[in-house]
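A short worksheet on the structure shown next.
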Amino acid sequence: MEVFVHSMDKAVVVAPVGDVDLSVARELQGHLKRAIEGKPARLIVNLGKVPYMDSSGVATLVEAMQITRKQATKLVLCDLQDKVRSIFEIARLDRVFTIVSSQEEAVTIQ
Amino acid sequence: MEVFVHSMDKAVVVAPVGDVDLSVARELQGHLKRAIEGKPARLIVNLGKVPYMDSSGVATLVEAMQITRKQATKLVLCDLQDKVRSIFEIARLDRVFTIVSSQEEAVTIQ
Amino acid sequence: MTPTKPQSPTMERLDRDFPLDAVPHTPPHVVVELFSQPRYLSGARDLVSAVAKRFGFDDAVCGQLALAVDEALCNIIRHGYDRRPDGRIWLSLWPVSEDEGQPHGIRIVIDDLAAQIEPDHIKGRDLDDIRPGGLGVFIIKQVMDKVRYEKRPGGGMRLLMSKLLPAQADEQGGKR
Amino acid sequence: MTPTKPQSPTMERLDRDFPLDAVPHTPPHVVVELFSQPRYLSGARDLVSAVAKRFGFDDAVCGQLALAVDEALCNIIRHGYDRRPDGRIWLSLWPVSEDEGQPHGIRIVIDDLAAQIEPDHIKGRDLDDIRPGGLGVFIIKQVMDKVRYEKRPGGGMRLLMSKLLPAQADEQGGKR
Ligand SMILES: Nc1ncnc2c1ncn2[C@@H]1O[C@H](COP(=O)(O)OP(=O)(O)O)[C@@H](O)[C@H]1O
Ligand SMILES: Nc1ncnc2c1ncn2[C@@H]1O[C@H](COP(=O)(O)OP(=O)(O)O)[C@@H](O)[C@H]1O
């Protein structure tokens, strides 16, 4: 996994590339924490280049959600591939997260 | 692996879908033999949907080449994915076969 | 070397009526033995997905079977071996009884030599309690038709699971 | 159960200077034991590709390593076991000595219990002689840095092969 971080005007985009499993979950956690610390209005996690995620990856995102809720940061996930969407559905978290199809939508959705 | 066969005016297109390895090489061989028996002017093997091929698959194509050379059928391979191109290069067969990038080209190339 | 040591070197047809959460008497068709290291998860799940595909599962279910195995292995690495990198894990695969090479499903058994825990204590959390973690066992049970944990007589834990192909599941009243 | 049975249950660091075409004294990190059936080729090669990726090989080389293993397994299925579906094959993987979790390459050993043949008789054909078949051994030797066949003392054949990561290959004069 590699992680690209892109800071925009009012949003930070964190875009991991590659499978997100137990072997890299901590690394993703670090990137998310640093992004959250900057208190952006919006934290966008672009999963377009993540073919696979297990519950370690999901746990990292749940944790990010809990921290962002305590500050004025809106967390949005975008561009999920089918296999990744499937784990959110199985875990019934697809309603808990704000999930949109494209990064453009992630920037504008209220 | 599935195999789609499409007969056009002067060409037959054989398009396997999926990995072509020892477990399916004989099945592909059967499809190629039947296509060749019709003595088409051109036999196009579209590999656009083949992510992987091992030497069993390559052997099937070499065999098809040898039969087509004995009759007035021109064999053209098209749309190879990188991993599949790589085995033709390693086996130094990329110069022995006529290989083009698209099916359109495969229909017209002389 | 593997705890699911074949009792007979010949390959018998698996009995269709053999319980789907027990270890068959025939040797596993594929066994992966690996160290308890997260970097080997991807290899294990890609193998499971590829084998399931050959057994006839569609791509979506292959991905889910790989996920279930990944979750089980993660739990062994994290809870069983407490992240020690030198624990051994055995992942064994069988086709469920076959008609002319077409299996009716897949059996997966995962063995370890880690600390034993009461099988009843291995359970997923209530999904309404949203917190990081606590999803692995729930996911495994969602994905598989049958799931059973047991203490291995020789030490360590064993997870037995299976999933039938849709046509078979309909016939035998399993989950799709 | 596997012929490359670990001699020590602890995980030692592999010696960087240990010959790259010998079986290390440390247990393999991953062993896949499978029946000699073509339908298990895809699982074996997807595992090899995923493990190689974690060891640091780029996607193209991962694909080539998977191909080399596939060719070796095909040969065991076709020549060694003469397409019998109940032969056993063991595929063992090790990282070549590691610096802080970053291996220098991969070692692959493949064992079978099939008929023995003189290692010298296992050779690829002349590539100019274009005919169907006869490419497997040539491909294996093209892809890997070191390749050696031997008769196993206990019966069956063993193929030992390894490939270093580009940086290491430069240093040690291996192929890229
Ligand atoms: N292989 C195992 N060995 C020991 N305990 C386990 C194992 N698998 C699961 N458990 C127990 O079951 C609980 C639930 O597991 P899981 O649903 O995966 O969530 P999590 O691992 O995030 O707590 C774990 O917290 C652990 O106590
Ligand atoms: N595992 C093996 N067991 C026995 N013989 C083998 C094995 N691998 C290769 N050989 C021998 O080496 C020859 C060359 O193999 P290969 O290059 O793969 O081409 P092919 O298998 O198409 O003949 C084979 O024909 C066979 O005689």
Side-chain angles (χ1 to χ4, degrees), chain A residues 1-2 14 16-33 35-36 43 45 47 49-70 75 77 80-99, chain C residues 34-46 48-50 52-53 57-83 85 89 124-144 163 175:
Chain A
M1 185 193 66
E2 283 180 279
V14 173
V17 177
D19 289 359
V20 178
D21 65 11
L22 185 60
S23 67
V24 296
R26 276 188 195 169
E27 194 188 328
L28 178 60
Q29 186 185 43
H31 284 282
L32 291 171
K33 281 206 167 143
I36 293 168
L43 172 59
V45 183
L47 297 173
K49 300 231 166 98
V50 175
Y52 177 84
M53 185 179 283
D54 69 10
S55 75
S56 326
V58 173
T60 308
L61 294 173
V62 170
E63 192 193 29
M65 182 176 64
Q66 292 180 329
I67 311 177
T68 52
R69 276 189 181 165
K70 292 190 200 132
L75 174 67
L77 313 184
L80 277 63
Q81 296 189 24
D82 288 349
K83 270 204 285 183
V84 173
R85 178 172 292 277
S86 162
I87 183 175
F88 281 90
E89 285 166 3
I90 293 172
R92 305 204 187 126
L93 287 168
D94 49 330
R95 297 289 148 108
V96 176
F97 284 97
T98 304
I99 301 179
Chain C
L34 66 157
F35 272 127
S36 51
Q37 299 177 10
R39 63 175 167 174
Y40 297 125
L41 290 170
S42 57
R45 64 180 182 254
D46 286 359
V48 168
S49 178
K53 175 106 200 182
F57 289 98
D58 67 29
D59 288 341
V61 177
C62 289
Q64 290 173 4
L65 288 164
L67 176 63
V69 167
D70 176 309
E71 297 294 341
L73 296 176
C74 281
N75 279 344
I76 294 172
I77 293 172
R78 288 159 56 235
H79 303 300
Y81 288 118
D82 204 14
R83 292 195 181 253
I89 304 172
R125 67 166 160 83
D126 179 356
L127 281 200
D128 293 334
D129 162 29
I130 291 166
R131 58 172 175 81
L135 289 172
V137 173
F138 179 82
I139 289 171
I140 294 168
K141 292 190 172 161
Q142 278 287 306
V143 168
M144 306 303 297
K163 188 167 182 82
K175 260 189 297 199

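Because the structure is predicted, anything quoted here is derived from the model rather than measured. In the text below, chain A, chain B and the rest are named by the order of the sequence lines, each starting its count at 1.
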How about [atom1] on [X], more than 12 heavy atoms from neighbouring residues, nucleotides or ligands closer than 6.0 Å, or not?
| X | atom1 | answer |
| --- | --- | --- |
| A:Asp82 | CG | no |
| A:Arg69 | CZ | no |
| A:Arg26 | CZ | no |

Using non-hydrogen atoms only, which part of [X] is less than 4.5 Å away from chain C: side chain, backbone, both, or neither?
| X | value |
| --- | --- |
| A:Leu93 | side chain |
| A:Gln66 | side chain |
| A:Met65 | side chain |

Please walk me through it: do A:Glu63 and A:Leu32 pass side-chain contact (heavy atoms from CB on, under 4.5 Å)? CA-CA 10 Å; A:Glu63 192 193 29; A:Leu32 291 171; over 6 Å; no
By side-chain hydrogen bond (donor to acceptor under 3.5 Å, both in side chains), C:Arg78 pairs with (sequence neighbours left out) C:Asn75
Taking only residues two or more places apart in sequence or in another chain, which ones pass side-chain hydrogen bond (donor to acceptor under 3.5 Å, both in side chains) with A:Thr68? none
Sorted by chain and residue number, the ring pair (Phe, Tyr, Trp, His ring centres under 6.0 Å) partners of A:Phe97 (sequence neighbours excluded) come out as A:Phe88
Contacting region of C:Arg83 [heavy-atom separation from chain A under 4.5 Å]: side chain
Is C:Ile77 close to chain A through its backbone or its side chain, or both, or neither, when contacts mean heavy atoms under 4.5 Å? side chain
If contact means a heavy atom pair closer than 4.5 Å, which residues of residues 57-65 of chain C contact chain A? C:Gly63, C:Gln64
On a heavy-atom basis, which atom in A:Ser56 and which in C:Cys74 lie closest, and how many Å separate them? OG-SG, 4.1 Å
Looking only at A:Val24, A:Ile87, A:Val58, the option with the highest number of non-hydrogen pairs under 4.5 Å against chain C is A:Ile87
Test side-chain contact (heavy atoms from CB on, under 4.5 Å) applied to A:Val20 and A:Val84, step by step: CA-CA 10 Å; A:Val20 178; A:Val84 173; over 6 Å; no
